[in-house]
Novice: 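Provided herewith is a single structure, encoded as structure tokens, for subsequent inquiry.
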Amino acid sequence: QEEPSMGQTPEVEEVQAVQAPQNVYLRYIKNQLSDEAACLELPFTLLILISFSLLAVMHLRQDVVFSVEQAIERDIVENANFAFSHAFGHKGIFDVWSIADFWSWVRLGFVPLVIQPSWSYSENYAEDKLVR
């Protein structure tokens, strides 16, 4: 058999025409256009998602909130003591086993820790303030 040259069509002995109904073909085209539109919206959607995430992280400052929560929890666990003997509390929050222990812990440990009558400083702040 000779191969056809440019511009000529090959002879085909049996050609079966495969045709699809027009409504099926149009539905297929509409689905393809819809999928293409959805893919074209993806970069904009990712941009909005990333910008929202960055703005939320920068505005809410969750790292600072977490640090403050941890500091408060540690302060309560370490410093809210009760069952004093002289100047030292021998029991903490994890040693509360009864209702009486709870109210003793609240009265002697928690309330004095939360409600302090004066500011406490690690240095002599009042004296340093007068010197300057």
Side-chain angles (χ1 to χ4, degrees):
Q1 254 183 353
E2 293 181 21
E3 294 201 17
S5 60
M6 293 284 211
Q8 296 178 352
T9 58
E11 295 176 8
V12 179
E13 294 178 3
E14 295 181 18
V15 175
Q16 294 179 350
V18 177
Q19 294 180 351
Q22 186 176 10
N23 64 349
V24 173
Y25 179 70
L26 289 177
R27 190 176 344 127
Y28 172 77
I29 294 296
K30 286 181 183 178
N31 285 339
Q32 290 296 318
L33 291 174
S34 174
D35 290 347
E36 180 184 6
C39 287
L40 291 176
E41 291 176 3
L42 185 63
F44 184 67
T45 303
L46 290 175
L47 177 68
I48 288 176
L49 176 69
I50 291 170
S51 64
F52 172 79
S53 299
L54 288 175
L55 289 173
V57 167
M58 291 183 332
H59 178 71
L60 295 176
R61 305 280 314 262
Q62 290 296 318
D63 56 334
V64 175
V65 171
F66 181 72
S67 298
V68 170
E69 288 175 353
Q70 291 297 311
I72 291 170
E73 180 182 345
R74 183 173 180 171
D75 193 28
I76 290 172
V77 168
E78 297 291 328
N79 298 325
N81 299 326
F82 70 105
F84 281 88
S85 172
H86 305 291
F88 184 74
H90 293 283
K91 292 185 177 182
I93 189 170
F94 297 115
D95 298 319
V96 174
W97 295 106
S98 67
I99 296 172
D101 283 347
F102 173 76
W103 288 111
S104 178
W105 174 79
V106 168
R107 184 175 54 88
L108 297 174
F110 184 70
V111 171
L113 185 65
V114 174
I115 302 171
Q116 296 183 359
S118 65
W119 292 98
S120 60
Y121 300 100
S122 60
E123 297 87 18
N124 291 332
Y125 180 74
E127 293 174 11
D128 290 342
K129 188 175 178 183
L130 294 175
V131 171
R132 291 184 188 186

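Since this is a predicted model, take the numbers as computed values, not measurements.
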Novice: Within a reach of under 6.0 Å around CD1 of Ile99, are more than 12 heavy atoms found that belong to other residues, nucleotides or ligands?
Specialist: no
Novice: Taking Phe84 as the starting point, is it possible to reach Ile115 by hopping between hydrophobic residues whose side chains are less than 4.5 Å apart?
Specialist: yes
Novice: Please check: side-chain N/O of Ser104 versus main-chain N/O of Ala100, any donor-acceptor pairing under 3.5 Å?
Specialist: no
Novice: Quick one: pull up CG in Asp35 and CG in Leu40 and give me the separation to the nearest 0.5 Å.
Specialist: 11.0 Å
Novice: Enter the distance from Gln22:CD to Leu26:CG here, rounded to the nearest 0.5 Å.
Specialist: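 Answer rounded to 0.5 Å: 5.0 Å.
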Novice: State, with a plain yes or no, whether a side-chain heavy atom of Glu73 is found less than 4.5 Å away from one of Asp75.
Specialist: no
Novice: Just verifying a value: how many Å separate Asn23 CG and Lys30 NZ, rounded to the nearest 0.5 Å?
Specialist: 10.0 Å
Novice: Between Asp95 (side chain) and Gly92 (backbone), is there a donor-acceptor pair under 3.5 Å?
Specialist: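 Checking the backbone N and O of Gly92 against the side chain of Asp95, a donor-acceptor pair under 3.5 Å is found.
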Novice: Identify the heavy atoms of Arg107 and Pro112 that sit nearest to each other, and give their distance.
Specialist: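 It is O-CD, 3.4 Å.
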Novice: Linking I/L/V/M/F/W/Y whenever any side-chain heavy atoms sit under 4.5 Å apart, do Tyr25 and Leu33 land together?
Specialist: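 Cluster IDs for Tyr25 and Leu33 match.
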Novice: If two hydrophobic side chains count as joined below 4.5 Å and joins carry through other members, does Phe94 share a cluster with Leu113?
Specialist: yes
Novice: Calculate, to the nearest 0.5 Å, the distance between atoms CD1 and OG belonging to Ile48 and Ser53 respectively.
Specialist: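 Those atoms lie 11.5 Å apart.
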Novice: If every non-hydrogen atom of Leu108 is compared with every non-hydrogen atom of Phe82, which pair is closest and at what distance?
Specialist: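 What the structure gives for the nearest pair is CB-CB, 4.1 Å.
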Novice: Is there a donor-acceptor pair closer than 3.5 Å between any side-chain N or O of Thr45 and the backbone N or O of Glu41?
Specialist: yes
Novice: Can you tell me if Gln70 has over 12 outside heavy atoms packed within less than 6.0 Å of its CD?
Specialist: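 Enclosed.
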Novice: To the nearest 0.5 Å, how far apart are CG in Leu42 and CG in Leu49?
Specialist: 10.5 Å
Novice: Could you tell me the separation between the NZ atom of Lys91 and the CH2 atom of Trp97, rounded to the nearest 0.5 Å?
Specialist: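 Going from NZ on Lys91 over to CH2 on Trp97, the span is 10.5 Å.
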Novice: Leu60 versus Val65: any side-chain heavy-atom pair under 4.5 Å?
Specialist: no
Novice: Please name all residues satisfying ring pair (Phe, Tyr, Trp, His ring centres under 6.0 Å) with Phe88, sequence neighbours left out, ordered by chain then number.
Specialist: His90
Novice: Would Val57 end up clustered with Val68 when hydrophobic side chains under 4.5 Å apart are linked, directly or stepwise?
Specialist: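 Each belongs to a different hydrophobic cluster.
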Novice: If you count heavy atoms of other groups shown closer than 6.0 angstrom to OH of Tyr28, is the number above 12?
Specialist: no
Novice: Keeping the roles fixed (side chain from Trp105, backbone from Ala80), state whether a donor-acceptor pair exists under 3.5 Å.
Specialist: yes
